[in-house]
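A quick write-up on the structure given underneath.
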There are 2 protein chains.
Amino acid sequence: MTLRGGDTSRLRRINLVTTLRTVRSQGPLGLTELARGAALSRPTVEGLVEELLAAGWLRELPPESGQMGRPARLFAFHAAGGHVLGIDIGSYTLRVSVADLGGTVVAAHDEQIASTAGRAERLAGLRTAIAGALEAAGLTADRIAAVCAGTTGVVTTEGVVKLSVGLPEWTGLDLAGELRASFDCPVLVENDCNLAALAEHWRGQAGDVDELVFVLAGVRTGAGILVSGKLLKGARGGAGEIGALPLLGWHRAPVHLTGFQGLPPGTPPQDAAAQVFAAARSGDPAARWAVEQYARDLAEGIAALVLTVDPELVVLGGGVSRSGDVLLAPVRRHLDPFCLEPPVVAISDLGEQAVVLGAVRRALDHVDARLYDFDAPLPKPSS
Amino acid sequence: MTLRGGDTSRLRRINLVTTLRTVRSQGPLGLTELARGAALSRPTVEGLVEELLAAGWLRELPPESGQMGRPARLFAFHAAGGHVLGIDIGSYTLRVSVADLGGTVVAAHDEQIASTAGRAERLAGLRTAIAGALEAAGLTADRIAAVCAGTTGVVTTEGVVKLSVGLPEWTGLDLAGELRASFDCPVLVENDCNLAALAEHWRGQAGDVDELVFVLAGVRTGAGILVSGKLLKGARGGAGEIGALPLLGWHRAPVHLTGFQGLPPGTPPQDAAAQVFAAARSGDPAARWAVEQYARDLAEGIAALVLTVDPELVVLGGGVSRSGDVLLAPVRRHLDPFCLEPPVVAISDLGEQAVVLGAVRRALDHVDARLYDFDAPLPKPSS
DNA sequence: TTATTAATGAAGGATGTTTTTATTTGTGCA
DNA sequence: TGCACAAATAAAAACATCCTTCATTAATAA
């Protein structure tokens, strides 16, 4: 953080940002409260609010009555002043959500896709899903302020999928480049577990936890890490890939579920987890043993993550998130002995929305960073 | 970073900090260059420099002649305006360094101590070492602006040693509290590996690397991690403690050295490493095998760290840092197959000074943060 | 002596604060 | 229904701080 100095116009820019942040964080405010919140004088914020109103970043609400005296004019952030797109590229489903700048999801569209689909087919499905979501939101692509897509695999800072085990066809794809062809706004690409971790911090189990490990568990196993509330990405986008270490259990963990003997023949792998957990829940000893083995292998990898970054909280998400009642206790039992000081372990309640919500959050962060950048002129809202 | 707004006096405070940072980072400067570096007008920086000069944070150097035109007045950061203390509490040695605010070590004092020394004895030795260093620097304790001490074990944010395997007597000690009795300035306590990582970033192998894992290897094994150039401490100070995971090799690694059969009887454990490496260097097959085993166990733990945080660089330090020629190749050979994209592996060249240098850096960072804080008035130099 | 670079000083402009005065607007009571 | 009160808005004046630009003066090398 090397803040540049400058003249009084720069001071005004800073005060403008301060005012905008105050309104956003403290909800609809009158001028008097706003002046107090921003630590500025009332005439000053009045001028600043005027400017923000004219720029389209604030809107005036009808005044609230009920109190003594003249009711204050109320101002709020103009959340509809822009929209972002969050995308989750899964093995079986492509999810796209449109959210306004206040973070409210205003439209969503999912497309099912075969897990065996090739690169071209998957990209085509993606375009369909995007078009569907935009139509549902009543927006066109040029009105989108930022796009973020989550995908399995190691993603470089340039948005290239360097390595994907879950989607082998995906390896080497310049996903950001592909998406940039459809948008003329910033396009971000991120590992899906990382985005899920962001989502947990935003709207999930980790509301006030800044040191977080999110573990995606199911057919695949992966992790996203938050340090001081920010994504740990590593030098080359490879943070959290503890599953690559054969000394720990992640590489063999899913086999306990997909290879479970009690499954009806022909069960697709993505349904195996739910079936095994259901059987365990109803007391089937073989299933309980499978869950136990699965939990042990999962705990080995989690232990390495926990001992490395020492999080306050570990959130389990992905396919297992509906089976917390059966899985949570065994995981804790295996994990705790490995830890110097065991973290809290919780099950995600965001379900399948975690990645797409995290993508929305990431895109919003990008827009916010621009909005709050003193060095650039105040951007314009796009609607 | 939530910068508050304010009036023009706040702007001046920002410009003051900008000017000071410019001088510090770009060395002795004339007013014209300074104005360009700080992106401010010349009359403005002139006033600011006047203020900094009066406050004692800048000093004027004799002008340099030899150039065409009127020679510029030269200004530099007044590094002697304050001093910090860096402390390394080792098993066998207590090191104390005094540095000025420019980071130059102006005095140091070491005390040897028995590794079996109890808490009181070690604390007494520490006081002796501190007094010796202060005397060598010609300073008294009340002139010190900040103190940072490094010790083995997990250290809480409050500066309590929560758990130390290397110094069992140390566990539970409120080290920060003990030191605060001798100083009325901020006292910081930090894990020694963390400080060594900071030192590598400051003056060692990791000059321009912000994603770093430092591995202390020798009689003990530990790690310090830098993410975006900042210390990864974890929620409870337990980051980097991968040695606690029995599935990986760190817990048994030192045994290959201390338990080496070819050692002369009665070799103290702290000398074992050097002897084994020396034997391996001269071709002893048993020693080479021991080194190989040691490197494999070391690599297992490093792999977990690397796969979790994906650093650009891994620095090996501690007891093994003089034996890089024998150790580096085996470690790389065992580490690389575990990694998706192997990081650079290097040997520290800071030797035994790494921790104490890192402690100095940490104390300096603390002072700097105050100096650069817009919300507080400019502090006064202490000498 | 001249060219070059630095220091100095005055004028001008942008911004924020405080203070004052007048106005608006809904509440609550008679 | 009408009136006094409370709280917020609105506008303007007076002042202070700070930065910038521009012209002028000072010091040194060639």
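Throughout, protein chains are lettered first and strands after them, A, B, ... in sequence-line order, and every chain is numbered starting at 1.
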Start and end of chain B contact along DNA chain D [non-hydrogen atoms, under 4.0 Å]: dT17(D) to dA29(D)
Quick one: [X] [atom1] to [N] [atom2], roughly how many Å, whole number?
X        : N       : atom1 : atom2 : answer
Leu74(B) : dA6(C)  : CG    : P     : 10 Å
Leu48(A) : dA14(C) : CG    : C1'   : 13 Å
Ile14(A) : dG16(C) : CD1   : C1'   : 13 Å
Met68(B) : dT2(C)  : CE    : C1'   : 9 Å
Asp7(A)  : dG16(C) : CG    : C1'   : 14 Å
Leu40(A) : dT15(C) : CG    : C1'   : 11 Å
Leu11(B) : dG16(C) : CG    : P     : 10 Å

Looking at side-chain heavy atoms only, is the closest gap between [X] and [Y] below 4.5 Å?
X         : Y         : value
Arg236(B) : Thr157(B) : no
Leu29(A)  : Phe75(A)  : no
Leu20(A)  : Leu58(A)  : yes

Residues Thr32(A) and Arg42(A): side-chain donor-acceptor under 3.5 angstrom: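 Result is yes, a qualifying pair exists.
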Thr22(A) side chain to Thr19(A) side chain, donor-acceptor N/O pair below 3.5 angstrom: no
Ser41(A) side-chain N/O to dG16(C) phosphate OP1/OP2 under 4.0 Å: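 Checking dG16(C) against Ser41(A), no side-chain N or O comes under 4.0 Å of OP1 or OP2.
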Listing time: all N or O pairs from protein to nucleotides 8-13 of chain C that are below 3.5 Å?
from   : atom 1 : to       : atom 2 : distance (Å)
dT8(C) : OP2    : Glu46(B) : OE2    : 2.6

Touch class at under 4.0 angstrom, heavy-atom based, for Gly30(A) against every strand present: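 Here Gly30(A) touches no strand at all.
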Sugar-phosphate only, base, or nothing, as touched by Ser9(B) at under 4.0 Å among non-hydrogen atoms: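 Sugar-phosphate, no base atom in range.
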Measure the spacing between [atom1] of [X] and [atom2] of [Y] and express it to the nearest 0.5 Å.
X         : Y         : atom1 : atom2 : value
Asp365(B) : Leu188(B) : CG    : CG    : 9.5 Å
Leu371(A) : Leu378(A) : CG    : CG    : 6.0 Å
Leu134(B) : Ser182(B) : CG    : OG    : 9.5 Å

Whichever of Thr32(A) and Gln67(B) has its nearest DNA chain D nucleotide further upstream toward 5':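 Its nearest nucleotide being more 5', the pick is Thr32(A).
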Quiz item: cation-pi between Arg10(B) and Phe374(B), 6.0 Å / 45°: no
